[in-house]
**Student:** 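Sharing a structure, written as structure tokens. Questions coming.
Because the structure is predicted, anything quoted here is derived from the model rather than measured. Only this structure's heavy atoms are used, side chains among them; waters, hydrogens and symmetry mates stay out.
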There are 2 protein chains.
Amino acid sequence: MSHTMSEVATRAGVSKATVSRVLNRTHTIAPETERRVLEVVRQLKYHKNVHARRLATGRSDLFGLVISEIINPYFPELIRGFQAEAWDRGFDVLLCNTEYNSQRRVSVIQKLIEGDVRGVAIMTASLDRSGTSELTAAGIGVVFCNLGPAERLVSNISIDYQRGIAQAIEHVVQLGHRHAAVIAGPEDNRTAVIIKQALVAGLNERKLILSAVVNSNYRVDAGASAVRALVAAPELPTVIFCGNDLIAMGAMNALEEAGVRIPEDVSVIGIDDISFAFLARPPLTTIRVPRERLGTIAFQALDKMLQLKRRKGVDYYLETDLVIRRSTAPPRSRELGSAGLLLERAR
Amino acid sequence: MSHTMSEVATRAGVSKATVSRVLNRTHTIAPETERRVLEVVRQLKYHKNVHARRLATGRSDLFGLVISEIINPYFPELIRGFQAEAWDRGFDVLLCNTEYNSQRRVSVIQKLIEGDVRGVAIMTASLDRSGTSELTAAGIGVVFCNLGPAERLVSNISIDYQRGIAQAIEHVVQLGHRHAAVIAGPEDNRTAVIIKQALVAGLNERKLILSAVVNSNYRVDAGASAVRALVAAPELPTVIFCGNDLIAMGAMNALEEAGVRIPEDVSVIGIDDISFAFLARPPLTTIRVPRERLGTIAFQALDKMLQLKRRKGVDYYLETDLVIRRSTAPPRSRELGSAGLLLERAR
DNA sequence: GCGGTTTCTGAAACCGATTACACGCATCTG
DNA sequence: CAGATGCGTGTAATCGGTTTCAGAAACCGC
């Protein structure tokens with residue numbers, strides 16, 4: 001179907017080598033020759049066979065992006081950032097879902113190695129680092145998100161939740177809240193653990209009463225069931241910090257079901273600022289993490305690392321900020337003087 | 001870094017050819033030989049170079065999936081379905097965003113041709129069919145969504161919106177609505193056009209008063225601004241049909257801002273049933289389109305078509321169904337006897 | 001015990017590019 | 001003007017597999 005380089009060569013009356021050189025601008029070429037070759041290329045609609053090229057050069061123009069699950073609204077923007085950056089530089093990306101399954105993760109990484117990718121961004125945030133050594137052993141660069149310091153051939157991007165969390169806590173303190181609860185993410189998730197610690201520490205520092213700290217997973221229904229437990233307890237907090245926006249939305253649903261009003265009775269704060277956070281009713285106050293930027297930085301990290309002679313990993317940092325919307329407000333208890341009263345209302 | 005087949009061959013005391021045969025199970029092999037080869041393969045952690053393989057066999061194990069924009073919540077599930085299906089059969093997928101940009105679309109398709117993919121699913125729903133002929137000319141299978149009948153090497157998956165729309169209209173008629181409005185998708189989108197026509201026809205048939213039919217684009221803000229125009233008009237419809245869920249959510253926002261209550265004052269119906277539809281306040285009544293299934297069918301269509309001797313495209317059909325949630329209810333006018341009164345309330 | 005299969009294996013061509021090396025020719029240089 | 005330099009190009013090896021073809025060995029039935 002498609003033509004080969006030799007065809008172009010004979011048609012243009014030159015050798016394969018010359019054609020290759022013209023196409024790759026890898027050597028000086030007589031203008032006239034170049035013109036002739038390009039003319040033939042255009043006529044034949046020739047384009048080179050990437051497989052042959054990859055085989056000959058020994059390197060592919062592929063990068064891998066490993067995520068947990070594309071349906072998780074955390075990822076699309078990240079993917080976008082990564083892909084856009086890769087394409088701009090002429091690279092392709094192989095997107096891989098682990099589906100939260102470590103077995104699958106292993107096979108995905110295996111596949112990427114076989115696919116001879118140049119670098120891999122592992123954005124699952126799971127504590128699992130398996131596969132890393134195989135990757136680096138094969139000379140493939142790796143970049144993680146929130147997973148320990150950089151090493152040889154592995155970079156790390158740390159999302160600094162501290163700032164956003166500090167802002168959020170300041171925000172609720174200003175509003176006058178005294179009773180808080182935390183619904184954190186799963187314990188096998190490094191990011192979730194970091195967030196939980198920061199939240200608890202910050203809340204204690206400001207002397208808020210922490211009526212509950214529960215672990216959940218990053219899904220809507222988990223937020224809902226966590227809240228149902230909270231509502232059943234004698235005293236309801238006036239503000240609930242959620243490990244991500246999905247949990248927050250589940251929490252808001254469950255609160256509404258229980259007849260608790262947001263933000264009048266209880267304020268809710270999420271993390272991530274997924275695209276639907278502002279569409280929630282009420283629009284969700286949340287700590288924004290720059291996900292698209294995370295994607296672009298991840299690619300840049302790989303690209304830069306692989307260009308270095310001494311391929312050393314680098315540490316990157318990303319900041320977070322509070323986005324105030326309408327799911328937070330002064331607690332009712334301030335007006336009515338009692339959390340007990342609030343609870344009554346809520347029933 | 002990684003070993004070659006010849007290394008394995010010499011280590012196992014056989015020829016390259018034999019190793020290849022063992023690995024591909026492409027020929028009968030003496031059990032003893034096979035054991036020896038596999039042993040060496042395991043020892044060396046050998047895995048074959050895909051580029052060499054692709055070059056030699058002349059075919060890749062890649063498929064392309066072209067979408068508009070990964071951030072659009074319509075797509076993640078579709079991608080998931082497609083990818084899962086591809087992986088199950090040992091294929092990889094190259095995901096490509098066109099970013100709603102026809103120039104970009106062209107270059108993406110060009111890239112896929114160069115990448116030597118076996119087949120491409122173009123799920124952008126744009127009316128644009130450019131690139132198709134280049135694809136089929138290169139022997140690459142194509143599958144579209146809602147874009148005319150199948151041809152040689154191009155299949156088509158039609159989503160039958162009729163059924164879902166009929167159910168939706170029946171639903172609002174049952175509820176007693178008489179005044180409707182339609183906020184449709186963009187006019188250069190085949191699907192949007194089909195939906196609008198079906199909606200208008202169905203509504204007319206049931207003799208509802210169509211106070212407005214506007215074209216919009218598939219974004220939240222578009223839904224909002226369309227509604228603002230509607231609210232400014234003297235008579236507010238009692239039910240608004242939206243071209244997709246994003247529009248619907250934007251519409252609900254704008255309605256709320258205008259002090260119109262949903263569903264008491266106005267009912268809203270979306271299309272797609274994106275994952276956030278049920279998290280909207282109130283949860284959105286919508287016409288579900290089976291997007292994950294669309295993805296799997298798209299892949300199966302390609303796979304099947306490419307296995308055929310006579311590579312003929314096939315037409316597939318997917319049904320839609322109404323999902324009733326809480327954004328629809330009987331119109332207030334039924335109780336109060338007048339749409340005018342309703343409007344007053346809304347101010 | 002012999003021709004005819006069948007089973008297993010190896011040698012070598014081939015896929016379509018890249019690239020090291022060599023060579024011819026024009027241009028400098030002293 | 002001899003020798004050095006540099007430019008433009010072709011030849012051929014190479015990347016790491018797959019596959020055709022053919023040959024050796026084992027097996028078969030009569």
**Student:** Using both pair distances under 3.5 Å as the test, note the stems of at least 3 consecutive Watson-Crick or G-U pairs that include DNA chain C.
**Tutor:** C:1-30 with D:1-30
**Student:** Between B:S102 and B:D128, is any side-chain donor less than 3.5 angstrom from a side-chain acceptor?
**Tutor:** no
**Student:** Going by heavy atoms closer than 4.0 Å, what residues in residues 14-21 of chain A are next to DNA chain D?
**Tutor:**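 Per residue number, the list reads A:V14, A:S15, A:A17, A:T18, A:R21.
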**Student:** What is the distance, to the nearest angstrom, from the CZ atom on A:R59 to the C1' atom on D:dG16?
**Tutor:** 17 Å
**Student:** Rounded to the nearest 0.5 Å, how far apart are CZ of B:F299 and CZ of B:F91?
**Tutor:**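 Here the interatomic distance stands at 5.5 Å.
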**Student:** Contact between B:I140 and B:I113 at the side-chain level, heavy atoms closer than 4.5 Å - yes or no?
**Tutor:**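 SC-SC contact between B:I140 and B:I113 confirmed.
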**Student:** Does B:R291 qualify as a cation-pi partner of B:F75, given the criterion of NZ or CZ under 6.0 Å from the six-membered ring centre and within 45 degrees of its axis?
**Tutor:** no
**Student:** Tell me whether the count of non-hydrogen atoms from other residues, nucleotides or ligands lying under 6.0 Å of CZ in A:R36 goes above 12.
**Tutor:** yes
**Student:** By salt bridge (charged side-chain N to carboxylate O under 4.0 Å, His left out), which residues pair with B:E7, not counting sequence neighbours?
**Tutor:** none
**Student:** If each of A:S6 and B:G13 is mapped to the nucleotide of DNA chain C with the nearest heavy atom, which maps nearer the 5' terminus, i.e. the 5' end?
**Tutor:** B:G13
**Student:** B:Y100 pairs by side chain to side chain donor-acceptor pair (under 3.5 Å) with which of B:N217, B:T124, B:N72?
**Tutor:**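 With B:Y100 as partner, B:N217, B:T124, B:N72 yield a single side chain to side chain donor-acceptor pair (under 3.5 Å), made by B:N72.
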**Student:** Please determine whether side-chain contact (heavy atoms from CB on, under 4.5 Å) holds for the pair A:D61 and A:D92, giving the CA-CA distance in whole Å, both sets of side-chain angles, and the decisive distance to 0.1 Å.
**Tutor:** CA-CA 6 Å; A:D61 32 18; A:D92 260 323; 5.6 Å; no
**Student:** When you measure from every atom of DNA chain D, which of residues 22-37 of chain B have a heavy atom less than 4.0 Å away?
**Tutor:**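 Nucleic-acid contacts, sorted: B:N24.
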**Student:** With heavy-atom distances below 4.5 Å as the criterion, would you say the side chains of B:M123 and B:V66 are in contact?
**Tutor:**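 No, their side chains stay 4.5 Å or more apart.
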**Student:** From the 5' end of DNA chain C to its 3' end, which nucleotides mark the outer limits of contact with chain B, defined by a 4.0 Å heavy-atom distance cut-off (strictly under)?
**Tutor:**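 Nucleotide range in contact with chain B: C:dT7 to C:dG16.
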**Student:** What is the separation between atom CG on B:N49 and atom C1' on D:dG17, rounded to the nearest whole Å?
**Tutor:** 7 Å
**Student:** With B:S155, which residues qualify under side-chain hydrogen bond (donor to acceptor under 3.5 Å, both in side chains), at least two apart?
**Tutor:**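 For B:S155 there are no side-chain hydrogen bond (donor to acceptor under 3.5 Å, both in side chains) partners, ignoring immediate neighbours.
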**Student:** Taking atom P of D:dG17 as reference, at what distance in whole Å does atom CG of B:L44 sit?
**Tutor:**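 Those two atoms, CG and P, are 12 Å apart.
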**Student:** Near B:E32 CD, under 6.0 Å, is it more than 12 heavy atoms from other residues, nucleotides or ligands?
**Tutor:**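 Yes, the 6.0 Å shell around CD holds more than 12 heavy atoms from other groups.
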**Student:** Going through the checks in order, is the salt bridge (Lys or Arg N to Asp or Glu O under 4.0 Å) test met by A:E69 and B:R80?
**Tutor:** CA-CA 8 Å; A:E69 168 61 83; B:R80 186 182 207 270; 2.8 Å; yes
**Student:** Does the side chain of B:R118 reach to within under 4.5 Å of the side chain of B:R59, using non-hydrogen atoms?
**Tutor:** yes
**Student:** Nearest-Å distance, CG (A:D116) to P (D:dC15)?
**Tutor:** 15 Å
